[in-house]
Amino acid sequence: NAYKVVRGVFAGAGSDGLSDENICNAVLGLCKGRGKPRILYLGTATYDLLAPFQRQTGILAQRGCDIDRLDLVSAEPSQEEVKKKIGDADVLLVSGGNTLFAMQLWRRLGVDQLLVQAAHEGKILAGGSAGAIAWFDAGHSDSLDPSSFQAAMTSPDPSEGADESSSAPACAEDAKQWSYIRVSCLGILPGLVCPHHDKVQSNGVLRATDFDDMLTRHPTERGLCIDHWAALVVDNAEYSVVVADKWDGKGVTPGVTVKDVVDGHVVSRSAGTQGSLYDILKRAESVSPDKRELTPPWQ
């Protein structure tokens with residue numbers, strides 16, 4: 001049973017997701033029997049900034065969780081300190097933000113292998129957007145959006161309190177010139193994951209549409225698409241889908257969509273509300289990383 005020790009909550013949005021009662025309830029539901037849950041927050045993808053930390057841990061702190069943080073951008077902890085923090089945690093909570101930046105730093109510091117080991121030892125995994133896709137093979141990422149770069153995020157932020165993902169332009173002329181990228185991640189669970197699946201960001205492109213194009217370029221992979229106001233909850237070999245309490249109730253109910261490339265065309269199906277993980281996840285026989293991962297614009 002390949003999934004027997006993997007448990008986690010993977011939301012379609014970072015701050016919007018982890019500041020939601022229903023999604024936080026799902027995290028706490030996996031912690032039953034563990035006493036006072038110990039949450040370790042990794043804010044690498046948002047450069048260890050305070051505001052995203054407060055947004056994504058506030059409800060869990062209010063609910064009595066013990067919150068610690070592992071800062072890797074603003075601090076340089078020893079390998080022993082990193083191992084102890086990860087080892088002491090019940091839940092590993094990864095922030096939304098710039099997935100490519102986080103993955104590069106984790107690999108350079110060896111934190112990636114520690115997280116993989118911790119996941120297989122039974123730690124509960126959690127996060128939204130970048131914090132969701134980090135645990136899978138790869139993700140459809142907005143890491144090339146300049147508003148997610150360190151220089152932009154650490155400058156005075158007029159949108160403080162907002163989700164990390166950029167908002168749609170007011171009109172087509174205001175669309176920013178950047179494109180999505182496939183980012184290779186930890187590979188604890190299989191799949192190419194698209195967060196914010198039903199959302200348009202500052203480049204004016206619906207992520208669902210762009211993801212279909214990406215999937216046709218990576219046809220050996222299975223797509224797992226999580227809407228902005230939804231979360232996938234994995235409990236060993238079973239899964240369920242949670243709709244955020246903050247969803248406004250308009251339009252199609254947020255959820256999770258499974259996508260495959262069949263004869264050159266993307267075929268989609270809803271994951272429904274629950275089921276066997278084996279019905280929605282599939283390990284790719286081969287993958288083709290995006291060469292742009294090697295030359296990020298901030299290097």
Side-chain angles (χ1 to χ4, degrees), residues 8-30 45-46 51-52 54-60 62-63 91 93-97 99 125-136 139-142 145 147-148 159-169 180 189 191-212 223-235 239-259 268-275 280:
V9 177
F10 311 106
S15 282
D16 280 350
L18 273 297
S19 61
D20 183 86
E21 292 282 353
N22 288 355
I23 291 172
C24 287
N25 284 341
V27 175
L28 294 170
L30 294 178
T46 43
Q54 292 173 329
R55 293 196 294 263
Q56 292 172 83
T57 61
I59 289 180
L60 294 169
Q62 291 169 10
R63 300 287 289 277
V91 180
L93 172 55
V94 172
S95 76
T99 312
L125 317 177
S129 190
I133 66 181
W135 306 106
F136 289 79
H140 180 267
S141 173
D142 59 1
D145 178 353
S147 70
S148 74
S159 62
E160 188 164 324
D163 191 72
E164 292 75 32
S165 58
S166 57
S167 299
Y180 296 104
L189 289 169
L192 177 56
V193 175
C194 178
H196 313 284
H197 179 244
D198 54 349
K199 184 174 178 179
V200 175
Q201 291 186 222
S202 65
N203 59 4
V205 180
L206 177 66
R207 286 190 74 142
T209 303
D210 192 87
F211 182 73
D212 286 2
L224 193 66
C225 309
I226 309 171
D227 289 335
H228 187 84
W229 295 112
L232 176 70
V233 181
V234 172
D235 190 355
Y239 75 86
S240 59
V241 175
V242 171
V243 177
D245 180 60
K246 293 193 294 185
W247 174 54
D248 61 12
K250 297 176 182 177
V252 178
T253 303
V256 174
T257 304
V258 180
K259 295 185 176 183
S268 304
R269 59 185 169 93
S270 170
T273 58
Q274 61 184 27
I280 63 168

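Side-chain atoms are counted along with the backbone in the values below, which use heavy atoms only and exclude waters and symmetry mates.
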So do V193 and I226 actually touch side chain to side chain, heavy atoms under 4.5 Å? yes
Between S166 (side chain) and S202 (backbone), is there a donor-acceptor pair under 3.5 Å? yes
Within the 4.5 Å heavy-atom criterion, are D198 and V252 side-chain neighbours or not? no
Distance, nearest 0.5 Å, that separates OG of S141 from CZ of R207: 6.5 Å
Pairwise distance OG(S165) to NZ(K199) - rounded to 0.5 angstrom: 3.0 Å
Sorted by chain and number, sequence neighbours left out, side-chain contact (heavy atoms from CB on, under 4.5 Å) with T257 holds for H197, C225, K259, S268
Quick one: CD on Q62 to CD on E21, what's the gap to the nearest 0.5 Å? 7.5 Å
Of all residues at least two apart in sequence or in a different chain, which pass the side-chain contact (heavy atoms from CB on, under 4.5 Å) check with S19? K246
Nearest heavy atoms of P195 and S129, plus distance in Å: CB-CA, 3.7 Å
Side chain of Y239, backbone of I280: donor and acceptor closer than 3.5 Å? no
Could you work out, with side-chain contact (heavy atoms from CB on, under 4.5 Å) as the rule, every residue matching S95, not counting sequence neighbours? Y41, A45, T46, Q56
To the nearest 0.5 angstrom, please state how far the CG atom of L189 sits from the CH2 atom of W135. 10.0 Å
Which heavy atom of V205 sits nearest to which heavy atom of Y180, and what is that distance? O-OH, 3.5 Å
Can you name the nearest heavy-atom pair linking G8 to L30, along with the distance? N-CD1, 3.6 Å
Is the backbone of D245 close enough, under 3.5 Å, to the side chain of D20 for a donor and an acceptor to pair up by distance? yes
Closest non-hydrogen atom pair, V27 against A126: CG2-CB, 4.3 Å
Work out which heavy atom in F211 is nearest to a heavy atom in L224; give both atom names and the distance. CZ-N, 4.4 Å
Going by distance alone, is a donor N or O of one side chain under 3.5 Å from an acceptor N or O of the other, for E164 and S148? no
Heavy-atom side-chain proximity of I133 to H140 below 4.5 angstrom: no
For I23 and A11, which heavy atoms make the closest approach, and how far apart are they? CD1-CB, 4.2 Å
Test item: D16 side-chain N/O and W229 main-chain N/O as donor-acceptor pair under 3.5 Å: no
Side chain to side chain, L60 and L93, heavy atoms closer than 4.5 Å: yes
Separation between CH2 (W247) and CG (D227), nearest 0.5 Å, reads 10.0 Å
